[in-house]
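In what follows, a single structure is set out as structure tokens and then discussed.
Keep in mind it's a predicted model, so treat the numbers as computed, not measured.
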Amino acid sequence: MFASRVPAASRCCLVPWRMWTKGESEGLQTLGIVVVVCSSLKLLHYLGLIDLSDDKIEDELEMTTVCHRPEGLEQLEAQTNFTKRELQVLYRGFKNECPSGVVNEETFKQIYAQFFPHGDASMYAHYLFNAFDTAQNGSVKFEDFVMALSILLRGTVHEKLRWTFNLYDINKDGYINKEEMMDIVKAIYDMMGKYTYPVLKEDAPRQHVEVFFQKMDKNKDGVVTLDEFIESCQEDDNIMRSLQLFENVM
Amino acid sequence: MAAGVAAWLPFARAAAIGWMPVANCPMPLAPTEKNKRQDELIILNVSGRRFQTWRTTLERYPDTLLGSTEKEFFFNEDTKEYFFDRDPEVFRCILNFYRTGKLHYPRYECISAYDEELAFYGILPEIIGDCCYEEYKDRKRENAERLMDDNDSENNQEGSMPSLSFRQTMWRAFENPHTSTLALVFYYVTGFFIAVSVITNVVETVPCGTVPGNKELPCGERYAVAFFCLDTACVMIFTVEYLLRLFAAPSRYRFIRSVMSIIDVVAIMPYYIGLVMTNNEDVSGAFVTLRVFRVFRIFKFSRHSQGLRILGYTLKSCASELGFLLFSLTMAIIIFATVMFYAEKGSSASKFTSIPASFWYTIVTMTTLGYGDMVPKTIAGKIFGSICSLSGVLVIALPVPVIVSNFSRIYHQNQRADKRRAQKKARLARIRVAKTGSSNAYLHSKRNGLLNEALELTGSTEDEQHMTKGTSLIESQHHHLLHCLEKTTNHEFIDEQLFEQNCMESSMQNYPSSRSPSLSSHHGLTTSCCSRRNKKTTHLPNSSVPATRLRSMQELSTIHIQCSEQPSLTTSRSSLNMKSDDGLRPNCKAAQITTAIISIPTPPALTPEGESRPPPSSPGHSTNISTTTTSNIVKVSAL
């Protein structure tokens, strides 16, 4: 009685069980044979007799892709302002964090973030990494690292200021414009985190950048060149004094 | 060239004299050694254990740390040896590699520690000798599985994820139903409908009631409409679920190829095929067998049950053992079936009509089922039949322990992972405390630094020494760095509670009227905590001397403090260590200090406390202390 109400098309799903037609049993037979054949093929594949693999993601040992050795100790000593002992100390620390001999950006960010637990140091670490990575190839070798440190810790004022200009100049075009400065200052403010006194306002970075540009941009053309930068910094006693601050880091 | 034979090179070169008479052309010049050094003994001091070897031994592999000039970075001028601050046990294996050319993996060593050492010395793990390579690979695979499990659960349980798109939240909800209630509801609903669908399939075939004519009617016939509606509902739900998963999947191509999605498709296809089917008996007969596939819906349960997933993963990882089992069984079946067929060929009315027909007998006998529908009658047949059953037991019993051990290994790993996940909360809490400890240590030391400056002016030296005892050089340098950052941005780091209190006050200042109930509650809180504070004063032995000085300090500072009416909550615990409570009362109210002041009462009390209690750098303690200190001190000044 109810069968008539069921849509006709679906009636085949409810074919009476008594009428196990020949078609159905043959269908199941076909199915069974297909299963047996497939499993035997798979079996032969596992035994290595035939090769069916499309993309077998076996456990592939990751080869240490980059393994870099630095130049000799004597050459580095000649090229930088560090003594042998200081280079040894630096290298040991470097190798501890990066046994492969190069730092990539991720590791750099992680290391840097450990010093600034309050806020987010990743953006500033990114700019720092780009400044260290002179070859712009995404990895910092020990030589780059040590050259930059040599400038920063033992270099002349001129060299230090030039390095800082290079840091601020994000796109390395020789000019610092307001957007680049905003990015840098915002990154510095990000490191402070949320819990500050007084409370960080939204436009605090912008004001900071305005003050900076007023001081640095001599000819008021909206960008700061290297000479303007060096000249303005040399006029400011605070900056001059603070550049000498980290002389005795090693 | 293999390193071991390098020592034999002089011999091979000397033996080349044998070619000279035969050669027609002059020989090339021999390479000269540029800096001929006497081979010297090198001392390698690894964490105190001294290893000695020849320099040339190490130079056999110039692309490793020990073989290149990189080791000069570790040369100690004073002791004229190379000092490495690493594990001496593993170094033994590494030095043996230079000596023998074969790198071995010690079984007792942890795999990740070993890998780290290899990476440090610049040796690729691939050159591990054959004797130890299998063990190394196995351990590495286990470790990777364990790490993968950990990472998965970590990623799934990250509370504060950055803002995800709608699609990503959906995918996360699908993969881990415990993330939101909606996901949990969806999870249970789909589980329920899977169960309903499977039960429907089963019950459809049960005979219930008879129709006049004495024919048994299955329930599927009798209640055709009801079953059809149920089936439709289930398929609707499954289709919607599949489409939603397809939409939310991060990589649709990979999702379509995954096992679960194939099961989903196979589960709902029969219904749709049945819908578009015509009633043509011949064609429909073949396609109707597809309704058998409806039973695959039961595999959808594997999303809901971890045990099923473990079983599936076990089977996958034991695939080679299973393959061997099947292959050996197949071989034996074919052999015995052939033998039985020819043995029984002679007997009349034998059921062994062909070799494939004998397959059935062989399988039933080898797995010791023994239905008895086919029985050998000849003597030869009986003999071979018994051999068949005996060998069946043996062939099946062999690969089974391997599969079982695989399953038990994976199962135990999962148990460990579950236990780790359960303890994760406690672990994370401890890690968080350690982290805040480090950030609070800076705030804490800043107050110490202020106290230092103030005490210098009053000329007390002993307390200064107490102060500086706490911080090491590295700590003080780190704090100097943070201080420079503060100066750059003209903002200061403060404690979380103080920050929230400042926020509340600034908002209260803006909306005084609306906040009055909260103000009164603050008052109430302060009075209660100030009273509590009085009860909690601890008498510390050495605090009397600085306390007097403190009082004078406070008098100086109270003059400068602009007391605002708003009380501070955090000062309640401030004087836990204070003897001079009364002097603190004006400080208690000083929340907004605009002019430059120092109020430094609390830190000196910490120094005697520092002696009597564990060092202030312990994380739990520093949190406690910093809450007490940050309340009073807000800004540096020159007194």
*Contact part of B/Asp85 toward chain A, heavy-atom cut-off under 4.5 Å: side chain, backbone, both or neither?*
neither
*So what's closer than 4.5 Å to chain A heavy atoms on B/Phe75: side chain, backbone, both or neither?*
both
*Should the pair B/Arg141-B/Asp138 be classified as a salt bridge under the 4.0 Å nitrogen-to-oxygen rule?*
yes
*asked:* Check for me whether the distance between the ring centres of A/Phe145 and A/Tyr91 falls short of 6.0 Å.
replied: no
_Closer than 4.0 angstrom, basic N to acidic O: yes or no for A/Arg85 and B/Asp78?_
yes
*Between A/Glu74, A/His208, A/Arg92, A/Gln114, which has the largest tally of heavy atom pairs under 4.5 Å with chain B?*
A/Arg92
_Tell me whether A/Lys95 forms a cation-pi arrangement with B/Phe120, defined as NZ or CZ under 6.0 Å from the six-membered ring centre and within 45 degrees of its axis._
yes
*Which bit of B/Thr64 is near chain A, if near means a heavy-atom gap under 4.5 Å: side chain, backbone, both or neither?*
backbone
_If you take the centroid of each ring, where Trp contributes its six-membered ring, are B/Phe74 and B/Phe84 closer together than 6.0 Å?_
yes
*By a 4.5 Å heavy-atom criterion (distance strictly below it), what part of B/Cys484 contacts chain A: side chain, backbone, both, or neither?*
side chain
*Considering only heavy atoms and a distance below 4.5 Å, find which of B/Asn76, B/Leu65, B/Leu118, B/Asn490 pairs most often with chain A.*
B/Leu65
*Examine whether an atom of A/Leu76 lies under 4.5 Å from a heavy atom of chain B, and if so say whether it belongs to the side chain, the backbone or both; otherwise answer neither.*
side chain
_Between A/Tyr189 and B/His491 (judged by ring centroids, cut-off 6.0 Å), do the two rings come close enough to count as a pair?_
yes
